[in-house]
Amino acid sequence: MENEDIFLARATSGFPVSIGTSLALETIFDPVSQVIDPDRKPPPKANRGNYNAYLINLNTIVRNIIQGVKTPGKVFFDVDSYYKVLTQEIEYLKHLFSYENLNLVIYSHTYETPSKKHSDVIRTVSTDQQKLTQAIQYNCVTRAQKEHGFTVYKEHLEVPKGMSALVLTHVPWDLLSHSSFLRLDLLESHTGAIKTRKDWNTKYFKIKDTDMSFLPFVEPLLVKLGDNVMFHPSPVKERMELIESLKKKNAHPLMSEMTYKLLTAT
């Protein structure tokens with residue numbers, strides 16, 4: 001199969017973008033083409049009145065493209081072809097949101113600050129396929145930043161005051177910026193589900209048969225419990241002891257980081 005055919009054959013759904021992004025868009029817009037699974041029960045549509053901005057993580061767009069390109073047992077390495085597809089998807093997203101008179105903000109993130117601040121628990125790539133994926137992502141994101149002038153963050157998302165936003169990102173760290181927003185909800189890739197802050201504890205690294213639904217989403221817990229993207233979880237015994245302690249102290253999902261620190265200091 002020729003390179004172009006591999007990318008043309010990538011999975012999509014109701015929009016001409018990669019499957020993870022496409023399924024998320026179906027929560028905001030009515031599909032413009034045949035969906036991948038007509039029997040799928042989609043989540044409730046987004047209430048557009050809740051938001052004055054729609055944020056999309058450039059890193060997430062690239063990740064979804066990589067995941068949508070199916071090659072036998074390996075990541076297909078052709079950076080220029082990936083970048084061509086990324087450019088097409090960016091232009092389509094801009095057109096779609098502009099046509100609907102919605103404020104789209106595509107941003108990128110270096111994650112430089114958390115990588116330095118929590119270097120001892122940062123996940124690292126090890127296999128050849130992971131290294132190829134990282135190289136594709138870095139190259140595509142860097143080129144897109146230069147050519148399109150997207151805002152680049154190193155720590156938290158800094159936005160104008162009073163912004164209510166729906167954010168499409170696969171990186172839990174981005175959600176720690178919620179206090180900068182009047183409202184910040186998460187739009188998940190693939191599922192298209194919208195999760196408010198009380199549900200972000202699902203982004204912690206899961207422990208089998210353990211209820212984590214009462215936990216707040218705060219930086220100290222994210223670093224300790226880990227996630228599937230950036231942070232290695234602590235030993236399971238330490239995590240279980242912390243979770244049990246927080247349960248006894250009546251922690252709840254909307255607890256602020258300051259309150260969490262006061263709670264755990266006693």
Side-chain angles (χ1 to χ4, degrees), residues 20-21 23-29 42-64 93-94 96-97 100-114 117-118 141 150-205 212-223 225-231 251-261:
T21 306
L23 289 171
L25 291 177
E26 289 177 21
T27 300
I28 306 174
F29 309 101
K45 288 283 188 182
N47 182 348
R48 295 188 188 181
N50 288 339
Y51 313 107
N52 53 36
Y54 296 81
L55 276 60
I56 300 183
N57 188 338
L58 179 62
N59 308 64
T60 300
I61 301 175
V62 178
R63 183 205 67 155
N64 290 347
L93 289 168
K94 287 180 177 179
L96 177 63
F97 280 81
E100 296 285 342
N101 293 314
L102 299 179
N103 178 24
L104 172 64
V105 179
I106 297 177
Y107 69 92
S108 66
H109 206 308
T110 66
Y111 302 104
E112 181 179 316
T113 297
K117 185 178 179 181
H118 306 294
V141 169
F150 296 128
T151 299
V152 183
Y153 296 107
K154 295 182 179 180
E155 186 172 7
H156 294 305
L157 312 185
E158 298 176 1
V159 298
K161 290 183 179 179
M163 180 177 283
S164 296
L166 184 63
V167 60
L168 175 61
T169 181
H170 70 289
V171 186
W173 176 269
D174 292 355
L175 302 177
L176 294 175
S177 303
H178 68 85
S179 60
S180 298
F181 294 77
L182 187 63
R183 173 177 185 155
L184 181 65
D185 293 340
L186 169 67
L187 175 61
E188 288 187 330
S189 294
H190 298 281
T191 70
I194 293 177
K195 291 190 173 182
T196 59
R197 186 178 153 211
K198 65 180 178 59
D199 300 313
W200 293 348
N201 44 41
T202 59
K203 299 304 171 184
Y204 292 135
F205 193 82
M212 303 171 75
S213 63
F214 65 92
L215 295 174
F217 188 82
V218 292
E219 183 176 338
L221 265 181
L222 179 59
V223 173
L225 299 180
D227 59 22
N228 290 310
V229 179
M230 184 176 293
F231 299 108
H252 60 84
L254 298 180
M255 178 179 287
S256 69
E257 184 167 321
M258 181 178 294
T259 302
Y260 170 84
K261 289 179 177 179

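Position 1 is the first residue of the sequence; numbering continues from there. Predicted model only: the values in this text are computed from it and were never measured.
- Residues Ile28 and Leu187 meet the side-chain proximity criterion, which asks for heavy atoms closer than 4.5 Å.
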Step-by-step side-chain contact (heavy atoms from CB on, under 4.5 Å) determination, Leu25 to Leu93: CA-CA 9 Å; Leu25 291 177; Leu93 289 168; 3.8 Å; yes
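- Using a 4.5 Å heavy-atom threshold, the side chains of Glu188 and Pro43 count as separate.
- Nearest heavy-atom pair across Tyr260 and Pro220 is CE2-CB, 3.6 Å.
- Taking CZ of Phe150 as the start and CG of Leu58 as the end, the distance is 6.0 Å to the nearest 0.5 Å.
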Working for side-chain contact (heavy atoms from CB on, under 4.5 Å), residues Thr110 and Tyr153: CA-CA 6 Å; Thr110 66; Tyr153 296 107; over 6 Å; no
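- Of all heavy-atom pairs spanning Val229 and Pro172, the tightest one is CG2-CD, 4.0 Å.
- With hydrogens and angles ignored, the 3.5 Å screen pairs a side-chain donor or acceptor of Thr60 with a backbone N or O of His170.
- The backbone N or O of Ser180 lies less than 3.5 Å from no partner atom in the side chain of Lys161, so there is not a single donor-acceptor pair.
- In this structure, a donor-acceptor pair under 3.5 Å is present between the side chains of Tyr111 and Asp174.
- For the pair Pro216 and Tyr204, the tightest heavy-atom approach, listed with the atom from each and the gap, is O-OH, 2.5 Å.
- How far CG of Leu182 is from CG of Asn52: 8.0 Å, rounded to the nearest 0.5 Å.
- One distance of note links OH of Tyr54 with CG of Asn103; it measures 9.5 Å at 0.5 Å rounding.
- In terms of heavy-atom proximity, Leu175 sits nearest to Lys203 at CD1-CG, 4.5 Å.
- Using a distance-only test at 3.5 Å, with no hydrogens or angles considered, a donor-acceptor pair links the side chain of His109 to the main chain of Glu155.
- No donor-acceptor distance shorter than 3.5 angstrom exists from the side chain of Arg197 to the backbone of Phe217, with no hydrogens or angles considered.
- Taking 4.5 Å as the limit, some side-chain heavy atom of Leu186 sits within range of a side-chain heavy atom of Thr169.
- Side-chain contact between Phe231 and Phe205 is absent, with no heavy-atom pair separated by less than 4.5 Å.
- No side-chain heavy atom of Val223 sits less than 4.5 Å from a side-chain heavy atom of Lys117.
- Atom CH2 of Trp200 is separated from atom CG of Leu254 by 10.0 Å, given to the nearest 0.5 angstrom.
- Residue Arg183 holds its CZ atom at 4.0 Å from CG of Asn50, rounded to the nearest 0.5 Å.
- For the pair Ser189 and Leu23, the minimum side-chain heavy-atom distance is 4.5 Å or more.
- Between His118 and Met230 there is no side-chain heavy-atom pair separated by less than 4.5 Å.
- Using modelled atom types, one side-chain atom of Thr27 and one backbone atom of Gly192 make a donor-acceptor pair closer than 3.5 Å.
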Check against side-chain contact (heavy atoms from CB on, under 4.5 Å), His190 and Asn64: CA-CA 9 Å; His190 298 281; Asn64 290 347; 4.1 Å; yes
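- Enclosure of atom NZ in Lys45 by more than 12 non-hydrogen atoms of other residues, nucleotides or ligands within 6.0 angstrom is indicated.
- Closest approach of Met212 to Leu225, counting heavy atoms only: CE-CD1, 3.9 Å.
- Put simply, CG on Leu55 and CG on Leu168 are 10.0 Å apart, with the number rounded to the nearest 0.5 Å.
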Candidate pair Val159 and Val105, rule side-chain contact (heavy atoms from CB on, under 4.5 Å), full reasoning: CA-CA 10 Å; Val159 298; Val105 179; over 6 Å; no
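- Listed for the Thr113 side chain is a donor-acceptor partner under 3.5 Å among the backbone atoms of Lys154.
- Taking the six-membered ring for Trp and the full ring otherwise, Phe29 and Phe97 have centroids separated by under 6.0 Å.
- Residues Leu184 and Val167 have side chains in contact (heavy-atom distance under 4.5 Å, counting atoms from C-beta outward).
- Among the candidates Asn201, Asp185, Thr202, the single residue satisfying the side-chain hydrogen bond (donor to acceptor under 3.5 Å, both in side chains) test with Lys195 is Thr202.
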